[in-house]
2 protein chains.
Amino acid sequence: MRVSDKHQKITQAAVKVFARKGFFNARISDIAKEAKVADGTIYLYFNNKYDILISLFEDEIGKIILKVKLLLENETDPLKMLEIYAIHHMSLLQDQKDLVEVLQMELRQSNKFIKEYRNTKFIEYIDIVSDIVHKGQQSGHFRQEVMPGVVKRAFFGALDEMSRLWSLSAKPKYTLEDTARQITDIFQHGIVVRNS
Amino acid sequence: MRVSDKHQKITQAAVKVFARKGFFNARISDIAKEAKVADGTIYLYFNNKYDILISLFEDEIGKIILKVKLLLENETDPLKMLEIYAIHHMSLLQDQKDLVEVLQMELRQSNKFIKEYRNTKFIEYIDIVSDIVHKGQQSGHFRQEVMPGVVKRAFFGALDEMSRLWSLSAKPKYTLEDTARQITDIFQHGIVVRNS
DNA sequence: ACAAAAAATGAATCATTATTCATAATAAAT
DNA sequence: ATTTATTATGAATAATGATTCATTTTTTGT
């Protein structure tokens with residue numbers, strides 16, 4: 001078994017366990033059991049429990065970024081680009097519920113426990129939105145007075161909160177795609193230049 | 001010293017300690033020290049550590065709801081109402097940074113640890129937004145096709161994410177009020193009926 | 001086939017801390 | 001002043017679980 005396989009096996013096990021129990025209530029032995037390795041083995045691949053979380057975060061966000069950038073590659077209409085981003089973001093939940101829950105958790109916890117951890121991958125992910133907005137302004141599609149830096153946070157926050165609800169609710173009212181479209185619609189109308 | 005005083009002393013101490021260290025890293029003895037009571041005393045007022053968090057959440061959200069409902073009382077324009085809500089929400093941060101951080105944390109953690117805790121106070125808080133939207137639709141200000149249930153989550157999520165950034169960043173780019181106005185502006189344009 | 005290196009194991013360690021409860025201090029009642 | 005009830009104390013308990021490391025297993029190179 002290649003080294004990277006075991007690394008990945010542990011990461012995947014950690015996603016499951018963190019999602020099920022939360023970071024602090026997850027035991028290393030739970031992760032070890034889920035990954036079918038010994039407790040000690042985990043320490044050959046990660047420095048400590050927190051390192052598992054960080055590393056997982058970086059890796060998985062990295063993959064998401066790659067995928068969404070690929071999807072956006074051949075689209076030039078900034079309105080459509082926002083929709084692609086939103087739909088992709090929400091559909092992650094359908095495919096990887098556990099992962100989304102862990103990422104949401106991580107996002108809040110990094111506040112407290114590693115102020116020094118700059119979270120660059122996350123920033124890269126949301127900067128995709130501000131880039132879209134910026135380009136939309138240059139091409140005259142979007143209003144000049146909106147701040148891309150605010151839109152990116154607001155858009156992400158809206159999607160994130162909606163997905164939080166979704167993962168909590170037993171039987172959701174709306175489909176994820178409807179939700180993504182609704183939110184996109186609001187933001188599109190919110191920042192587009194009105195052809196009065 | 002009245003009973004309620006000690007209860008409140010402990011709550012306030014807990015807010016400080018939770019904000020500083022996070023829920024799981026906060027020790028009961030930290031809270032006791034901060035509140036200037038013995039460790040055991042805390043258990044005369046709360047069932048356990050988690051109960052402190054829940055109880056704090058309910059109490060403090062309760063106060064916030066009262067205040068924002070009061071502010072909204074004499075306003076009828078739904079566009080303005082959204083702005084009042086947003087500005088009040090963001091200005092909380094200025095006045096009670098610690099509290100906001102704890103509430104944000106709690107919101108994420110309740111996912112995992114008390115699925116049964118229905119979080120009714122929080123729902124009451126965000127339902128204020130869906131009420132505004134609903135009324136705005138009835139009065140013909142807002143587009144019929146937007147879903148109040150989506151707007152409330154999106155609007156809250158946007159504000160919440162923005163405030164998360166704010167509390168993390170050493171020297172923020174924007175003032176809180178500007179931010180609140182920007183986000184409100186996007187949502188106002190996003191859902192208002194266009195007078196074409 | 002053997003030696004050396006690398007990877008994996010999991011029981012033992014060791015620190016940590018939420019909670020309890022016997023005791024003490026304080027307040028209220030008579 | 002004395003009893004009773006209430007409130008507070010903080011040391012002791014008891015469980016927990018992250019991390020280490022001596023030992024074993026597997027892989028690699030010759």
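Proteins come first, then strands; the chains are lettered A, B, ... in the order of their sequence lines, and each starts at number 1.
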_Restricting to side-chain contact (heavy atoms from CB on, under 4.5 Å), what partner residues turn up for Ala14(B), sequence neighbours left out?_
Phe18(B), Ile31(B), Ile52(B), Leu56(B)
*What residues form a side-chain contact (heavy atoms from CB on, under 4.5 Å) with Lys80(A), not counting sequence neighbours?*
Glu75(A), Asp77(A)
*Which residues pass the side-chain hydrogen bond (donor to acceptor under 3.5 Å, both in side chains) test with Asp39(B), sequence neighbours left out?*
none
_Going by the rule side-chain hydrogen bond (donor to acceptor under 3.5 Å, both in side chains), which residues pair with Glu83(A) if we only count those two or more places apart in sequence or in a different chain?_
Arg181(A)
Atom-pair distance ([atom1] on [X]; [atom2] on [N]), nearest Å:
X        : N       : atom1 : atom2 : answer
Ile31(A) : dA18(D) : CD1   : P     : 8 Å
Lys21(A) : dT16(D) : NZ    : C1'   : 12 Å
Tyr45(A) : dA6(C)  : OH    : P     : 13 Å
Leu44(A) : dT27(D) : CG    : C1'   : 15 Å
Ile42(A) : dG17(D) : CD1   : P     : 14 Å
Phe46(A) : dA18(D) : CZ    : P     : 15 Å
Lys33(B) : dA8(D)  : NZ    : P     : 21 Å
His7(A)  : dA8(C)  : NE2   : P     : 12 Å

Check nucleotides 23-26 of chain D for protein N or O atoms closer than 3.5 Å to its own N or O atoms and list the pairs.
none

*Would you call Lys135(B) and Phe142(B) a side-chain contact if the rule is heavy atoms closer than 4.5 Å?*
no
_Can you tell me if Lys6(B) touches the phosphate of dT7(D), counting only side-chain N or O atoms and a distance under 4.0 Å to OP1 or OP2?_
no
*Which parts of nucleotides 16-25 of chain C does protein reach within less than 4.0 Å, heavy atoms only, written one letter per nucleotide 5' to 3' as B for base, S for sugar-phosphate only and - for none?*
-SSBB-----
*Partner of Asp127(B) by salt bridge (Lys or Arg N to Asp or Glu O under 4.0 Å), out of Lys121(B), Lys152(B), Lys69(B)*: Lys152(B)
*Given dT7(D), dT9(C), dT9(D), which nucleotide is nearest the side-chain atoms of Val37(A)?*
dT9(C)
*Output, in order, the C-alpha distance, side-chain angles, deciding distance and verdict of ring pair (Phe, Tyr, Trp, His ring centres under 6.0 Å) for Phe23(A) and Phe24(B).*
CA-CA 10 Å; Phe23(A) 176 75; Phe24(B) 286 98; 8.9 Å; no
*asked:* Can you tell whether the side chains of Lys9(B) and Glu34(B) come within less than 4.0 Å, N to carboxylate O?
replied: no
_Tell me whether Val192(B) shares a hydrophobic cluster with Val193(A), the cluster being built from Ile, Leu, Val, Met, Phe, Trp, Tyr side chains joined at under 4.5 Å._
no
